[in-house]
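Since the structure comes first, as structure tokens, the remarks are kept for the end.
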Protein chains: 2
Amino acid sequence: MAGIEEVAKLAGVSTATVSRALSGRGHVSPASKAKVEEAAARLGYVVSSNASSLASGRTRNIGVVIPFLNRWFFSSVLEGAQRALLRRGYDLTLYNLSGEGNERSSVFEHFLLRQRVDAVIAVSLELTEHEVARLHDLGKPLVGVGGPIPDVPTLTIDDAAVARLATEHLIALGHTRIAHIGGDLEFDLDFHLPTNRRTGYEGALHDAGIEVDLRLFAPADFTIRGGYHAAKQLLGAPHGRPTAIFAASDEMAIGSILAARDLGLVVPRDVSIVGIDDHDLSEFFGLTTVAQFPRLQGEMAVDVLMERLEPSTPDAPAPAATPLPYELRVRSSTAIPPV
Amino acid sequence: MAGIEEVAKLAGVSTATVSRALSGRGHVSPASKAKVEEAAARLGYVVSSNASSLASGRTRNIGVVIPFLNRWFFSSVLEGAQRALLRRGYDLTLYNLSGEGNERSSVFEHFLLRQRVDAVIAVSLELTEHEVARLHDLGKPLVGVGGPIPDVPTLTIDDAAVARLATEHLIALGHTRIAHIGGDLEFDLDFHLPTNRRTGYEGALHDAGIEVDLRLFAPADFTIRGGYHAAKQLLGAPHGRPTAIFAASDEMAIGSILAARDLGLVVPRDVSIVGIDDHDLSEFFGLTTVAQFPRLQGEMAVDVLMERLEPSTPDAPAPAATPLPYELRVRSSTAIPPV
DNA sequence: ATGAAAGCGCTAACAG
DNA sequence: CTGTTAGCGCTTTCAT
């Protein structure tokens, strides 16, 4: 493994110049820069990130703390963040908190503190004040994705607005008996997404003069399976069956489609179904949904961090709570209600 | 941020003792060890991984190179590896190669070489000799998961045996017209899994005296959607329809179940379907499958690496190609063939 | 624009 | 079992 000294020798300059030429900080004449680059390439030289970090205090590494890896939303955010970081020459160190609670504390008490990361991205995690403070003390910027964290810049879609849009789509088609499959309480603890979506749903009904019928609400766990069971309850009722279901996630909506089929109902003729996400599977199922763009959210989180780590303009405007895009995608799971 | 010196002062010992007490290498009296730990806790001291790495040459960080994040197999392997590493106090730095080809080369030419990782786990990646050599030169152990890499210890299920087991299950039920949905060529380039599974399938047929009918093979892309379309082809044939389908992955098998339903066929009465994986969704669909355990595979990969990084016994036995467990899970998608 | 040299914070001989 | 000390490989003032 060639060191900086060898590169310096080969290029006929000092190690300081090599460092400057390769990192881009400080001025170096084009001539020396070329010589250094050529020498580095010839020797296959790559800076040691440890030595560099120790000397400079910057690691060029970002920590991403995330509760799940095997769910569409989370893996998509992760993918977006990874891409954006790689492009900028940053590494991504992953902390998955899917296990029990003590993993969480060890991540916050040890892993994140050992100076391995310059900043952290917390995905759908409600951090305690103490956790935030700990990071803050170290001067590590923190940005959240999905689920607001007090005093921390966070990227999160407007869940109420998204839910309202989905519901309004059904209302516009003429539906009035619109059921909702939302999150159960357990899910609401971590981030208030289910509540917010439900609020949007109820708001839309209310504005349309439709009374909210509590019997048309069913909780589930955001999985296909959970959505299936919830929808069976809703659609199996002998009287007053809803003509439409708004599910708080595409996976639950897909479960609802399958439940409808098993009950002999034709979607969308007998029942319309709409979800939120635009999950990978949604197109296949012809699911109408409100798309959110988690990959983009991951990328944007990186953008926000970079602006704080390497401000392009001195007056870095801290985007407090950037609104994120979403978009209704009408496919074949929604139609006018049965006559 | 407290440093080692302050801890040493507070504990009344030298920095060397602090280092030894906290890292566990070298002998320290229980008394000093206790004092050091107490002092460290009081000051909220955590070693700087950079300084430690630079001085010791060990980073306590493992690189994981993986082609997808949003597929069940891959995210499960990742999750397993992450858990196992966290438990041992290691970090995991992620390199996702899902983008274009140049991401791959930059990962191998720069990221992995900057001394940030002690070792790398390559998931379902066929590395070039050059890539392997590059890592080898740096003295970085490398272990593969899924898909053999020449001269590198690799954890991979016996795809042929797994496929054979699935097929034999169908044969034992009395099926003789057994179709196979396998990978298309594109998939075979990276790791020969599709070919191996097909070989197992054909071997089982052959041993049972059943002739392989090429018309009963359909390629797909390992997704639900792909499996759906392939199965429609297979099951839509007016004559000589297969009575069973063996899909090379659960996602394709699930697609097949959906296709059968759309064609008015009842599973398993009219057609039996079996997959490989035991995907999260398989139980919900009642899919009979051969389970593999990707989370375990990720954990085992870490075990193998640890044995090389921190040998427990001097005579570290390099496990060349550990066979991995798999298990037939019979559910409700397979039955005797229609009369 | 470039070089000399002083560390960054810790670990690992080496003594004792 | 513990302290002393010399680096680990690079970045960054401070001069020039």
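Below, read A as the first sequence line, B as the second, and so on, with proteins coming before strands; counting in each chain starts at 1.
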Tell me what [X] touches on the nucleic acid: a base, only sugar-phosphate, or nothing, going by heavy atoms under 4.0 Å.
{"X": "B:R114", "result": "nothing"}
{"X": "A:S32", "result": "sugar-phosphate"}
{"X": "A:V18", "result": "nothing"}
{"X": "B:S23", "result": "nothing"}
{"X": "A:R20", "result": "base"}

Do the side-chain N or O atoms of [X] get closer than 4.0 angstrom to the phosphate oxygens (OP1, OP2) of [N]?
{"X": "A:S48", "N": "D:dG9", "result": "no"}
{"X": "B:S14", "N": "D:dG3", "result": "yes"}
{"X": "B:S29", "N": "D:dT2", "result": "yes"}
{"X": "A:R58", "N": "D:dT12", "result": "yes"}
{"X": "B:S19", "N": "C:dT11", "result": "yes"}
{"X": "A:T17", "N": "C:dG3", "result": "yes"}

Heavy-atom side-chain proximity of A:D91 to A:I62 below 4.5 angstrom:
no
So do the side chains of A:V143 and A:T154 get within less than 4.5 Å of each other, counting heavy atoms only?
no
Does the cation-pi check pass for A:R295 over A:F293, that is, NZ or CZ under 6.0 Å from the six-membered ring centre and within 45° of its axis?
no
Six-ring centre of B:F68, B:R71 cation under 6.0 angstrom, axis tolerance 45°
yes
Integer-rounded Å distance: [N] [atom2] and [X] [atom1]:
{"X": "A:L43", "N": "D:dC10", "atom1": "CG", "atom2": "P", "result": "12 Å"}
{"X": "A:K9", "N": "C:dT2", "atom1": "NZ", "atom2": "P", "result": "19 Å"}
{"X": "B:E5", "N": "D:dT4", "atom1": "CD", "atom2": "P", "result": "11 Å"}
{"X": "A:L54", "N": "C:dC8", "atom1": "CG", "atom2": "C1'", "result": "4 Å"}
{"X": "B:N50", "N": "C:dG9", "atom1": "CG", "atom2": "C1'", "result": "9 Å"}
{"X": "B:R60", "N": "C:dC10", "atom1": "CZ", "atom2": "C1'", "result": "14 Å"}
{"X": "A:Q115", "N": "C:dG9", "atom1": "CD", "atom2": "P", "result": "8 Å"}
{"X": "A:L22", "N": "D:dT11", "atom1": "CG", "atom2": "C1'", "result": "13 Å"}

Full working for salt bridge (charged side-chain N to carboxylate O under 4.0 Å, His left out) between A:E131 and A:R104:
CA-CA 10 Å; A:E131 288 166 343; A:R104 175 163 181 156; 3.0 Å; yes
Please tell me which of the listed nucleotides, [options], lies nearest to the side chain of [X]?
{"X": "A:R25", "options": "D:dC10, D:dT12, D:dC1", "result": "D:dT12"}
{"X": "A:A55", "options": "C:dC10, D:dG3, C:dC8", "result": "C:dC8"}
{"X": "B:A51", "options": "C:dC10, C:dT11, D:dT4", "result": "C:dC10"}
{"X": "A:I4", "options": "C:dT2, D:dT11, C:dT11", "result": "D:dT11"}

For B:V13 and A:G57, find the nucleotide of DNA chain D closest to each by heavy atoms; which residue's nucleotide sits nearer the 5' end?
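Looking at the nearest nucleotide for each, B:V13 comes out on the 5' side.
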So for atom CD, which belongs to B:E109, do other residues, nucleotides or ligands contribute more than 12 heavy atoms lying within a distance under 6.0 Å?
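Counting other residues, nucleotides and ligands, CD of B:E109 exceeds 12 neighbours.
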If you assign each of A:A16 and A:H27 to its closest nucleotide in DNA chain C, which residue comes earlier from the 5' end?
A:H27
